[in-house]
Every structure is written in structure tokens, then in C-alpha cells.
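Working notes, structure below.
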Amino acid sequence: MPQRRKFVRAYLERPNATRAAIVAGYSEKTARSYGSELLTFPDVRTALRLGWAEAGMGPEEVRARTEEVARATVEDFFSFDRQQHRPYTYRPVAELLTELFAEIDFEERFAERAGLGGKELKMHAAAQLHRRRDAIRMELEMEADPNATRWVPGPPVLREVPRLDLAKAAGLGVLHLAKKLKPTPNGLALELQDPEQARQLIGRLHGLWAKDDERPDSGDGLPEGTGLEDASSEQLAGEVTRLLGLDAL
């Protein structure tokens, strides 16, 4: 499609999806959403890889890929499901006992009106026996302490439960930002590419870590402990390549 070809050419010149979408003919209001969507299309991604491979990795591509890692967020890899949950709470035993007596009375009237018999009646009798014994236990608790409380399930509430959603990540075109997926007893554990190191690399590119008595473009001044304080341009480029996994492309 002509628009996609224009988008690819513009993105190869400058890897900014919104700008490339505008160049391709999309309106400024929709360019951001369409640009992000176009980057998820297999034919567009293939064309970009071929274009970069032919031209060699230039500064803009290095910056774009490093910025992707720096901006990586686990939110792109997770969805949230609504599940019912009953949080526990302390309640006075006196209240629980009143509710239990009401339940016993209701079940007796139900069994009589429903005409339970045979196996159903035996099950009903067993359940009622369990309720009455629990009532006796509550009465003994209140004899020992009139203000006794119990730790019991409270009213049900809905809560948001995170779920690893690789389909969502694939749709957003960010699967390549995952460094490792490891199975655990609680499901898959996700580890992203190191965003902090990517930010340090970008900071060095813009001279943000320069010392007060140095010009911003001096090239020195990465925070101590990164292992890159005295790195040459070639070493820095190699670190970018390792960080982004570009040698595997």
C-alpha cells in the first residue's frame, strides 16, 4: 500500500512513528494511533528491518532502539481481570451467633416446606447438626468473653488481578523488549531489557551526566558503577548492540 511505503521511508529517515504517519498522509489527530499500529504490521516491520540492514545502523536507529528500552514498561505486558474476592475481617461473635440461629431456623422451615426425604433429608440433618455445634462453640466463646470476635470472610468485593498478556504485548509491538520469560509456581515471570542502563546510555549521548566543570559534549561523566565511565565510542556502540540484542537480528 502506498501509505505504508511512505511510512516506512519516513520512519527509516527518522524513527518517529507519529511524524512518519503524518508524512505518509495521516492527519495530525490520528497520526499517533495509526503510527503505533503500523509498527505492529508484519510487512512494515519486515520492510524496516531490511531497510536498516541495507543502510547499516545509523545514529537515529541506535537512538530509537535505545529509547524503546528506556521507555519499556511492564504495563504493556499485563492486562487486568476483575475477580470476586472476600477479604477477611473481625466481627463480634454475638452478631455471628444471631445470624447463625436465623440460618438454622430458615433451613428447618425450608426442609419442612420442601418435603425433603431420603438422602436429601440426611444431608440436611448433617448440615444442621454442624450449625448447632458451631452455635454451641460461639456460646462458650461468649461465656469466656462477652466481647469475643472472630476472623471471618467479609462481604464480597471485586478486585483487579494482573495477568501476563503476551498477545497484548505482541499487538503493541513490544515483545522484543522482553529479556526473559521464566516459569515459576505462580506463572510466568517477566524480565525486561534493562531500562536503567538504556537511560544511562541516552544520558551520555546528550551529555546529561557531564560534571559541572565539563562541557555537556565532553563525553565523560557517566555515573560511577556502570562500568562504562571510560568507555570509548566503539565500546559504547557495542554495549548498545548487546543491550538491544541486535546481534541476533
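In this structure, Arg71 pairs ionically with Glu67, as a charged nitrogen and a carboxylate oxygen lie closer than 4.0 Å. Salt bridge present: Asp43 and Arg4 bring a charged side-chain N and a carboxylate O closer than 4.0 Å. One finds no salt bridge joining Arg109 and Glu112 here, because no Lys/Arg side-chain nitrogen approaches an Asp/Glu carboxylate oxygen to under 4.0 Å. The pair Glu99-Arg91 meets the salt-bridge criterion, with a side-chain N (NZ, NE, NH1 or NH2) lying under 4.0 Å from an Asp/Glu carboxylate O. Taking 4.0 Å as the cut-off between side-chain N and carboxylate O, Asp134 and Arg150 count as a salt-bridged pair.
The closest donor-acceptor contact from the side chain of Lys6 to the backbone of Gly25 lies at 3.5 Å or more, if one exists at all. Between the side chain of Arg163 and the backbone N or O of Phe80 there is no donor-acceptor pair closer than 3.5 Å.
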Sequence neighbours left out, cut at 3.5 Å: what donor-acceptor pairs do the side chains of residues 180-189 make with other protein atoms?
| unit_1 | atom_1 | unit_2 | atom_2 | d |
| --- | --- | --- | --- | --- |
| Thr184 | OG1 | Asn186 | N | 3.2 |
| Thr184 | OG1 | Gly187 | N | 3.3 |
| Thr184 | OG1 | Gly187 | O | 2.5 |

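Looking only at side-chain heavy atoms (C-beta outward), Glu68 and His176 come within less than 4.5 Å of each other. Within the 4.5 Å cutoff, no side-chain heavy atoms of Val69 are placed close to those of Asp194. His124 places a side-chain heavy atom less than 4.5 Å from the side chain of Glu108. Between Phe77 and Val174, the closest side-chain pair of non-hydrogen atoms falls below 4.5 Å. Proximity of Glu95 to Thr98: side-chain heavy atoms (C-beta onward) are nowhere separated by under 4.5 Å. When side chains are defined from C-beta on, Val157 counts as touching Pro87, because their heavy atoms get closer than 4.5 Å. Within the 4.5 Å cutoff, no side-chain heavy atoms of Glu103 are placed close to those of Gln128. In this structure, Leu39 and Leu48 have side chains that are in contact, with non-hydrogen atoms separated by less than 4.5 Å.
Residues satisfying the ring-ring contact (aromatic ring centres under 6.0 Å, His included) criterion with Tyr90, sequence neighbours excluded, are Trp151. For Thr18, there are no side-chain hydrogen bond (donor to acceptor under 3.5 Å, both in side chains) partners, not counting sequence neighbours.
Nearest heavy atom pair, residue Ser79 against residue Asp165, reads OG-OD2, 2.6 Å. Between Phe7 and Gly35, the shortest heavy-atom contact is CZ-O, 3.8 Å. Minimum heavy-atom separation, Leu164 to Phe78: N-CD2, 3.5 Å. Taking each heavy atom of Gln3 and Tyr26 in turn, the nearest pair found is OE1-OH, 3.5 Å. Taking all atoms of both residues into account, the shortest heavy-atom contact from Ala17 to Ser36 is CB-N, 4.3 Å. In plain terms, the two heavy atoms of Leu100 and Arg131 that are nearest each other are CD2-O, 3.4 Å.
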Before giving the answer on side chain to side chain contact (heavy atoms under 4.5 Å, CB included), spell out for Leu192 and Val74 the whole-Å C-alpha distance, their side-chain angles and the decisive distance to 0.1 Å.
CA-CA 8 Å; Leu192 296 181; Val74 294; 3.9 Å; yes
*asked:* Before you tell me yes or no, could you show the steps for Ile104 and Arg132 under side chain to side chain contact (heavy atoms under 4.5 Å, CB included), namely the whole-Å CA-CA distance, both residues' side-chain angles and the distance that decides it to 0.1 Å?
replied: CA-CA 8 Å; Ile104 291 172; Arg132 291 191 176 97; 4.0 Å; yes
Checklist entry - Going through the checks in order, is the side-chain hydrogen bond (donor to acceptor under 3.5 Å, both in side chains) test met by Ser33 and Thr30? => result CA-CA 6 Å; Ser33 60; Thr30 61; 5.6 Å; no
Evaluate Glu28 against Ile22 for side chain to side chain contact (heavy atoms under 4.5 Å, CB included), listing each step before the verdict. CA-CA 6 Å; Glu28 293 187 5; Ile22 293 174; 3.9 Å; yes
(Q) Working note: Arg19 + Tyr11, criterion side chain to side chain contact (heavy atoms under 4.5 Å, CB included); need CA distance, chi angles, decisive distance, verdict. (A) CA-CA 8 Å; Arg19 172 187 175 277; Tyr11 195 85; over 6 Å; no
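Residue Gln193 holds its CD atom at 6.5 Å from NZ of Lys179, rounded to the nearest 0.5 Å. Taking CZ from Arg159 and CG from Asp81, the interatomic distance works out to 11.5 Å, rounded to the nearest 0.5 Å.
Other residues, nucleotides and ligands contribute over 12 non-hydrogen atoms within 6.0 Å of the CZ atom of Phe41. Other residues, nucleotides and ligands contribute at most 12 non-hydrogen atoms within 6.0 Å of the CZ atom of Arg137. More than 12 heavy atoms of other residues, nucleotides or ligands lie within 6.0 Å of CD in Glu107, so this atom counts as buried by the packing criterion.
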